[in-house]
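Notes for the one structure printed next.
Keep in mind the model is a prediction, meaning the values are calculated, not measured. Numbers for residues simply follow the sequence, beginning at 1. Read the numbers this way: they start at 1 and go in the same order the structure lists the ligands and their atoms.
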Amino acid sequence: MPAMRESMSVDRRGLMLVLSSPSGAGKTTLSRALLADTDNMKMSVSATTRPMRPGETDGEDYFFVEPVDFNLMINRDELLEHAKVFGNYYGTPRAAVEDALSSGNDVLFDIDWQGTQQLAQKMRDDLVSIFILPPSTAALEKRLKSRAQDSDEVVAQRMSKASEEISHWREYDYVVVNDDVDECLSEVRAILKAERVRCSRRTGLIDFVSGLREGY
Ligand SMILES: Nc1nc2c(ncn2[C@@H]2O[C@H](COP(=O)(O)OP(=O)(O)O)[C@@H](O)[C@H]2O)c(=O)[nH]1
Ligand SMILES: Nc1ncnc2c1ncn2[C@@H]1O[C@H](COP(=O)(O)OP(=O)(O)O)[C@@H](O)[C@H]1O
């Protein structure tokens, strides 16, 4: 039984739930935990030119593509948003997102502040954005190093970018601090539960309420 189940008595449009944070703050950890027990939600799989990390799977963690193919996706308007992050290109394939939202399914995004700005410009009503902060700079560096997915040089590069990324926190709908991961996860779940019953998303409300009123 998923921890996050919604009553489907009223049809609704799906939402885009974005998690952004400096590298190492916990986006992937929180995304995987949320997806593991939430119904009607799937992860947006990005395209990237970044090299695959150990343990990553093409088509699951990312679509790993060559720069020339990434540019083709841009030119064919196949990306909902895209950005250059840490010297690599990242972007969101459009089709899967549009299909999910129109069928009432939510899409979870792990994207940076640049991508979030683009989604806010294009699809503000569908967007729910959460910025994840680490409890401290020391904890962030410790987590990046303990993750052991990047070289010392890459860790240093990502730490140097953290302050600039954190400066965008005001652009987000919500901010959570990922100190205790379970507490942080419960805050993200509470945000999702509330946003799922936002009036503007519930396309089936008018019929549902008129059906109720006819009963009296
Ligand atoms: N704009 C945008 N950013 C993305 C996308 N996919 C990943 N990112 C961001 O790119 C940055 C680097 O991601 P990644 O290489 O997986 O490193 P990690 O954050 O250390 O796990 C992170 O800030 C991600 O949120 C995307 O499709 N679009
Ligand atoms: N609340 C937390 N406390 C301690 N370690 C954490 C916490 N959240 C995540 N981590 C660890 O920190 C590292 C980076 O987390 P990750 O989810 O990969 O970050 P991101 O996707 O934002 O780069 C991982 O090793 C993860 O297990």
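Under 4.0 Å from ligand 1, the heavy atoms of Arg147 that appear belong solely to its side chain. Residue contacts with ligand 1, taken as heavy atom pairs separated by less than 4.0 Å, involve Arg50 solely via side-chain atoms from C-beta onward. The proximity of Phe109 to ligand 1, defined as any non-hydrogen pair under 4.0 Å, does not occur for either the backbone or the side chain. At a heavy-atom cutoff of 4.0 Å, ligand 1 is contacted by both the backbone and the side chain of Ile111. Counting heavy atoms closer than 4.0 Å to ligand 1, residue Glu81 contributes side-chain atoms (C-beta onward) but none from N, CA, C or O.
Note on ring orientation: taking the six-membered ring where Trp is involved, the planes of His82 and Phe70 are perpendicular (angle over 60°, cut-offs 30° and 60°).
With atom 13 (C) of ligand 2 as the reference point, the heavy atom nearest to it among Lys27, Arg32, Arg143 is part of Arg143. Comparing heavy-atom distances from atom 10 (O) of ligand 1 across Thr29, Thr48, Val85 singles out Val85 as nearest. Here the shortest heavy-atom distance to atom 19 (O) of ligand 2, taken over Cys184, Pro134, Gly26, Ser20, belongs to Gly26.
Using a 4.0 Å heavy-atom cutoff, Leu19 is absent from the residues neighbouring ligand 2. For Arg53, the closest heavy-atom approach to ligand 1 falls below 4.0 Å. At a 4.0 Å cut-off, at least one heavy atom of Gly91 sits close enough to ligand 1 to count as contact. Note on ligand 1: His82 sits outside its first shell, no heavy atom being nearer than 4.0 Å.
Looking only at side-chain heavy atoms (C-beta outward), Arg147 and Asp150 come within less than 4.5 Å of each other.
In terms of polar-atom proximity, defined here as any N/O pair under 3.5 Å, Tyr90 does make such a contact with ligand 1.
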